[in-house]
A.B. asks: 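Okay, here's the structure, questions in a sec.
Here the structure is a predicted model, which means the values were calculated and not measured.
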2 protein chains.
Amino acid sequence: MTSRKTTAEPVKEESVDEGAPWMKGLHADAGYLLYRLGLRSGQLFNAALQRSGLRLRHYALLRYLATVEGAAQRELSQELGYDPSAIVGLVDDLERLGFVERRPAPDDRRRRIVALAPAGHDFLRDSDEVARGVTDELLAPLGAGEREMLHVLLSRVAHTDGG
Amino acid sequence: MTSRKTTAEPVKEESVDEGAPWMKGLHADAGYLLYRLGLRSGQLFNAALQRSGLRLRHYALLRYLATVEGAAQRELSQELGYDPSAIVGLVDDLERLGFVERRPAPDDRRRRIVALAPAGHDFLRDSDEVARGVTDELLAPLGAGEREMLHVLLSRVAHTDGG
DNA sequence: ACAAACCGTTGTTGACGTCAATGGTTGTTG
DNA sequence: CAACAACCATTGACGTCAACAACGGTTTGT
């Protein structure tokens, strides 16, 4: 997974402006927009984090770990919404980079507590700007107030769907 | 999707009201939310359309065809944001179902105009409810006014992707 | 002690996006 | 008119990604 060939910005189309690109009339269903924008957001995030060799998921995991001070992988899976099998690879990568460390739970020997390492903290501090820049780019057409509004709305939607 | 923007505007990481399922504290970045919600939306859409044997992409394509009355595949690719190679399979499926038909362009024999067939219109009318139901389910926690607001915001974001 | 439930891990499958290459077609240039 | 470049639809390959099933190791309940 640490093999990436595409460079930072090789893509450039001849014309971008004029006319909204991919949706004209009725496609503008909210669900569809969400789907499309989600795809795009993921792309942007991953592209931005690519320089660090990580992806959006790694970042999300680190971000969560920063708030809880140690969590079992099961908990990570549940809280982040990723499959347990996905957590394995993620923690593997992060552990290999020294950003997190796995240690056995004292009371339950099948559990493995994943905790943020100092290097992880540092990385988090640095990449914070990156993530912020991505969101900034994504929500460029919106003003500060609108962004906040969108953020609130999305949060509300997110909270009551899968959990 | 082609240009990088370097907007240097300070954004504050305000807190979401309460933390329920999968994002506790800082994850509630708008970009990440978009990514996550997009995934969920895609899932829901595909699950709902599965009974028809189609996917969200097929639906999007039909939806677009309903607005333009015939389009070359190149145009579809450009407008929908899918790769030309993806369009081929999509049109294949839809043609096999009798929802669309490929006809040669009168002036350009290498082009193939994809047009909506009557069966496609019917399906579109039916699946319209389905899509509405999905969006309804997805945006359940939001009121009518909020949905409208979210829709507007998402549209704005979607339209101004690169410039 | 035994079975059921749980945790992390592995492997597989199917969908998706990107890129490279091909055959057929058009427009252009000498 | 002939050769060449650009274009369109199509196919194929490659890597990524998410969802599901299955497996050892471990704990809990009976």
A.B. asks: If you look at every strand shown and take non-hydrogen atoms under 4.0 Å, does A86(B) touch a base, only sugar-phosphate, or nothing?
C.D. replies: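 Since no nucleic acid heavy atom lies under 4.0 Å of A86(B), the category is nothing.
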A.B. asks: Check whether more than 12 heavy atoms from other residues, nucleotides or ligands sit under 6.0 Å from atom CZ of R147(B), and answer yes or no.
C.D. replies: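 More than 12 heavy atoms, drawn from other residues, nucleotides or ligands, come within 6.0 Å of this atom.
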A.B. asks: Please confirm whether the shortest side-chain N or O distance from R55(A) to OP1 or OP2 of dG15(D) is below 4.0 Å.
C.D. replies: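 No, because none of the side-chain N or O atoms of R55(A) sits under 4.0 Å from OP1 or OP2 of dG15(D).
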A.B. asks: Please check the phosphate of dT26(C) (OP1 and OP2 only) for any side-chain N or O of R109(B) closer than 4.0 Å.
C.D. replies: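 Indeed, a polar side-chain atom of R109(B) lies that close.
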A.B. asks: With the side chain of S85(B) defined as its heavy atoms from C-beta on, choose the nearest nucleotide among dG12(D), dC7(C), dA9(D).
C.D. replies: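 Selected nucleotide (nearest to the side chain): dG12(D).
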A.B. asks: I need the CD-C1' distance between Q78(B) and dA9(D), as an integer number of Å.
C.D. replies: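 In whole Å, dA9(D) C1' and Q78(B) CD are 15 Å from each other.
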A.B. asks: Looking at D93(A) and R55(A), is there a salt bridge between them, counting it only when a charged N and a carboxylate O are closer than 4.0 Å?
C.D. replies: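 No, this pair does not count.
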A.B. asks: Distance-only, no hydrogens or angles: does the T67(A) side chain make a donor-acceptor pair with backbone N or O of Y64(A) under 3.5 Å?
C.D. replies: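 Yes; at least one donor-acceptor contact below 3.5 Å.
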A.B. asks: NA contact type, I87(B), heavy-atom cut-off 4.0 Å: base, sugar-phosphate, or nothing?
C.D. replies: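 No contact.
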A.B. asks: Taking the side chain of R110(B) as heavy atoms from C-beta outward, which of dT10(D), dT26(C), dT9(C) is closest to it?
C.D. replies: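 Of all the options, the side chain of R110(B) is nearest to dT26(C).
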A.B. asks: Roughly, in whole Å, what's the span from CG in L54(A) to P in dC17(D)?
C.D. replies: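 These atoms are roughly 12 Å apart.
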A.B. asks: Taking the side chain of V88(A) as its heavy atoms from C-beta onward, which of dT9(C), dT11(D), dC16(C) lies nearest to it?
C.D. replies: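 In terms of side-chain proximity for V88(A), the closest of dT9(C), dT11(D), dC16(C) is dT9(C).
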A.B. asks: Nearest 0.5 angstrom please: L33(B) CG to S155(A) OG, how far?
C.D. replies: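 These two atoms lie 4.5 Å from each other.
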A.B. asks: Taking 4.0 Å as the cut-off, does a side-chain nitrogen or oxygen of Q43(B) come that near to OP1 or OP2 on dA15(C)?
C.D. replies: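 Answer is no, no contact under 4.0 Å.
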A.B. asks: Using atom NE2 of H58(A) as one end and atom P of dC17(D) as the other, report the distance to the nearest whole Å.
C.D. replies: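 Between P of dC17(D) and NE2 of H58(A): 9 Å.
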A.B. asks: From the set dC19(C), dG8(C), dT11(D), return the single nucleotide nearest to any side-chain atom of D83(B).
C.D. replies: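 Comparing dC19(C), dG8(C), dT11(D) against the side chain of D83(B), the answer is dC19(C).
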A.B. asks: Below 4.0 angstrom from OP1 or OP2 of dG8(C), is there any side-chain N or O of R111(A)?
C.D. replies: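 For dG8(C), OP1/OP2 do not have a side-chain N/O of R111(A) under 4.0 Å.
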A.B. asks: Specify the separation, in whole Å, of atom CG of D93(B) and atom P of dC16(C).
C.D. replies: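 Whole-Å distance recorded here is 11 Å.
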A.B. asks: When the distance from OH of Y35(B) to C1' of dC16(C) is rounded to whole Å, what number comes out?
C.D. replies: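 In whole Å, dC16(C) C1' lies 12 Å from Y35(B) OH.
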A.B. asks: Considering heavy-atom distances to DNA chain D, does D107(A) or D108(B) have its closest nucleotide positioned more toward the 5' end?
C.D. replies: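 The answer here is D108(B).
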A.B. asks: Has R112(A) got a side-chain atom pairing as donor or acceptor with Q73(A)'s backbone, closer than 3.5 angstrom?
C.D. replies: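 Pair absent, no side-chain N/O of R112(A) close to backbone of Q73(A).
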A.B. asks: Check nucleotides 1-4 of chain D for protein N or O atoms closer than 3.5 Å to its own N or O atoms and list the pairs.
C.D. replies:
none

A.B. asks: Would you classify F45(B) as touching base, sugar-phosphate or nothing, given that sugar-phosphate means primed atoms plus P, OP1 and OP2, and contacts are heavy atoms under 4.0 Å?
C.D. replies: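 Counting heavy atoms under 4.0 Å across all strands, no contact is made by F45(B).
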A.B. asks: Are there over 12 heavy-atom neighbours, none belonging to R102(B), within less than 6.0 Å of that residue's CZ?
C.D. replies: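 Atom CZ in R102(B) is packed in, count exceeds 12.
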A.B. asks: For the CG atom of L90(B) and the CG atom of L80(B), what is their distance to the nearest 0.5 Å?
C.D. replies: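 Rounded to the nearest 0.5 Å, the CG-CG separation comes to 8.5 Å.
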A.B. asks: Whole angstrom is fine here: how far is it from CG in D92(A) over to P in dT9(C)?
C.D. replies: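 From D92(A) CG to dT9(C) P: 7 Å.
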A.B. asks: Hey, is the main chain of R132(A) close enough, under 3.5 Å, to the side chain of D136(A) for a donor-acceptor pair?
C.D. replies: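 A pair under 3.5 Å: no.
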A.B. asks: Counting side-chain heavy atoms from CB outward, which of dG8(C), dA9(D), dC19(C) is closest to Q73(A)?
C.D. replies: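 Of dG8(C), dA9(D), dC19(C), dG8(C) is nearest to the side chain of Q73(A).
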A.B. asks: Between C1' on dC17(D) and CZ on R36(B), what's the gap in Å once rounded to a whole number?
C.D. replies: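 Whole-Å distance recorded here is 12 Å.
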A.B. asks: Please determine, for dG30(C), whether a Watson-Crick or G-U wobble partner exists with both distances under 3.5 Å, and give it or none.
C.D. replies: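 Partner of dG30(C): dC1(D).
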A.B. asks: Below 4.0 angstrom from OP1 or OP2 of dG25(D), is there any side-chain N or O of R112(A)?
C.D. replies: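 So the side chain of R112(A) is outside the cut-off, no N or O lying under 4.0 Å from OP1 or OP2 of dG25(D).
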A.B. asks: Round to a whole Å and report the spacing from CG of L49(B) to C1' of dA15(C).
C.D. replies: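 From L49(B) CG to dA15(C) C1': 15 Å.
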